[in-house]
Amino acid sequence: MNHDYLYESAEVAENREVLPGYRRITVRSAGIAAAARPGQFVMVRGWASQADPLLPRPFDIAAADPEAGTVTVIVKIAGRGTRLLAECGPCSVPGGAAGSGAGGRTESSSGDRTEIGSAGLAAGSLRIAGPLGKPIPEPYPNPLGLLVRGVGSAAVTFLAARAAAAGVRVIAVLSASTANRLIGKEELLASGAELHVATDDGSEGYHGNGTDLMDRLVAGERIDASGQAASSERIAAVYTCGSKRFARHVRSLEEAGVCAGFMFLEGYMACGRGDCHGCAVRKRDGSGYALVCRDGPVFPVSEVEIE
Amino acid sequence: MTDLSVTIGGVTLPNPVIPASGTWELPETAAHDGAIASAGFPPGAGIDPAELGAVINKTIFLDPRPGNPPPRIVETPSGMLNSIGIPSTGADRFIAEDLPRFRAAGPPVIVSIAEESVERFGTLARMVEEAGMADLIELDLSCPNVHTGAQWAGDPESLSRAVSAVVSAVRLPVIAKLSPMVRDIAEMARAAEKAGAAAVTLVNTFKGMAIDIEARRPVLGNVTGGLSGPAVRPMAVAAVWAAYEAVSIPIIGMGGVSSWKDAVEFILAGATAVGVGMYNFVNPLVMREVREGIAAYCERHGVPAVRDIVGTAHIRGSGSAH
């Protein structure tokens, strides 16, 4: 069990839509912001009900700002828990977010059990535990490749920012079906990464698979704005998130001896700390299971199955 | 100050709040190490083992087990289905590597064991006793996610055989963890008592399942799982109530405890100690809040010792054994 994390109520500083169905949520948590490292995640619970929905939800840390004392996650609205998180914001009416779970309940000696426990949960705040999971070891590979799609970009924007700040050359391939479904573009640009966009329909950047674009980059081609290739140093490792197809491709790159490969995994997890053993992922050496929360969430592509 | 101590099988627990097996692991690192502290913040979150009434391991078998294929958990209304399958490194490594840490944690040590035959149950219990670091042995007779698990606690005869085998193999007090998936929980508690159990733990999870209607497949890799969480609490309280009417050995009550109020409910129904299970996943500080809440409740009600209120919701003088 990981004991090196904080669990606290945190005020929501910002909760805004980045795309229909996706929210960028920033909370004030100085301790987690200071301790967080790329590769780590947080467990978040942003509703007053003690029982339903029951479990906190895991999110990769998309950004952590020790100076501002804030931690940012990107939430894809997929069910009741994430819908409630989408409503949990600094703009809610007093009592709105936190009081909704108890609203309309019959007052009785047992009825108030559905409210939050003794520590309370104020409106516009949520419960957060983190940082959880193993940080990506430093120093980071240089040059560092990123191959991400969809909300998977949230997992690597923090890595891009810290790696670039440490002087690492970061080469990012950001993929989406179409231009207005790109997530994390501004963050990756702001980090100082060399950003390459690939869209399935060609509405922005490279028209085609992100994997094809990454193949050209790992082969040492420097692709400038005019699409001309020039020779460059080879990417040492590629980190991927958001697509099993990408993960398999990165594994094939590693197996071909082109570069090392790592993938961010997710899993059904109840605790995020190694207690529940829910987020099992099969190890490729046949020795059983690794836990996404305890042994990951970032794994070498050679280590666990892509399922 | 309320006296929170309770006694199970002759072992005094400093307070009645214990983790349910498999829902809380002993921290591998001290809270004062690592990134949180080096960033200049107070020690990390989580329960200090010294706060607990007892510490207990995730159940071990003699041999290593990988656990069940994922997905292993799924959230349900006010509850959670799990089919973890009791992964463990096996008895030798547990005793060599983990048990010393449990012993060093401070509170009494309960070692949870399971096996598939009475002979292996006895062998494993003896190994645990000979290691000299356990205070109590809990028999997991009722995990719904392993092939033989629920069968031990499924009928009084097999339950008696398992309990008797271990009781005759060791001197340590033996706790029988019972399944709620039986016709008559009182009969099962009586069978455990008669077979020599020093206490009973109830309840384990309820068998359940969930189906992904789009994929038209069971959600869990193992098809069915055990339901726990606030959804099961009223059934668990009723089981403790029934067992309290039937036996005079102590009861460790559990099932959906998410607050001190839930714990007090179990105590009033007849539980001497209370297990907190899956809610540890939701709120890593819940066991502390439960302990503090029980103490405050006792003070508010003028109760000097928590053991004084065990089972006191039962109607007295009307044929009850207590």
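Lettering of chains follows the sequences in order, A, B, ..., and the numbering in each one begins at 1.
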> Between A:Pro66 and chain B, which part of the residue has a heavy atom less than 4.5 Å away: side chain, backbone, both or neither?
Replying inline: neither

> Is it the side chain or the backbone of A:Ala129 that comes within 4.5 Å of chain B heavy atoms, both, or neither?
Replying inline: neither

Kindly say whether [Y] contributes a backbone atom to a donor-acceptor pair with the side chain of [X] at under 3.5 angstrom?
X: A:Asp275; Y: A:Cys271; value: no
X: A:Gln50; Y: B:Ser258; value: yes
X: A:Arg23; Y: A:Gly21; value: no
X: B:Asp48; Y: B:Glu51; value: no

>> Please classify the contact between B:Pro66 and chain A as side chain, backbone, both or neither, with a heavy-atom cut-off of under 4.5 Å.
In response: both

Heavy-atom pairs under 4.5 Å with chain A are the metric here; pick the option from [options] that has the most.
options: B:Gly221, B:Pro69, B:Gly22; result: B:Pro69
options: B:Pro19, B:Pro64, B:Pro87, B:Gly79; result: B:Gly79
options: B:Ala231, B:Gly256, B:Ser78; result: B:Ser78
options: B:Asn283, B:Val286, B:Thr23; result: B:Asn283

>> Which label fits B:Trp260 and B:Tyr297: parallel for a plane angle under 30°, tilted from 30 to 60°, or perpendicular past 60°?
In response: tilted

> Would you say the side chain of A:Pro53 lies within less than 4.5 Å of the side chain of A:Trp47, judging by non-hydrogen atoms?
Replying inline: yes

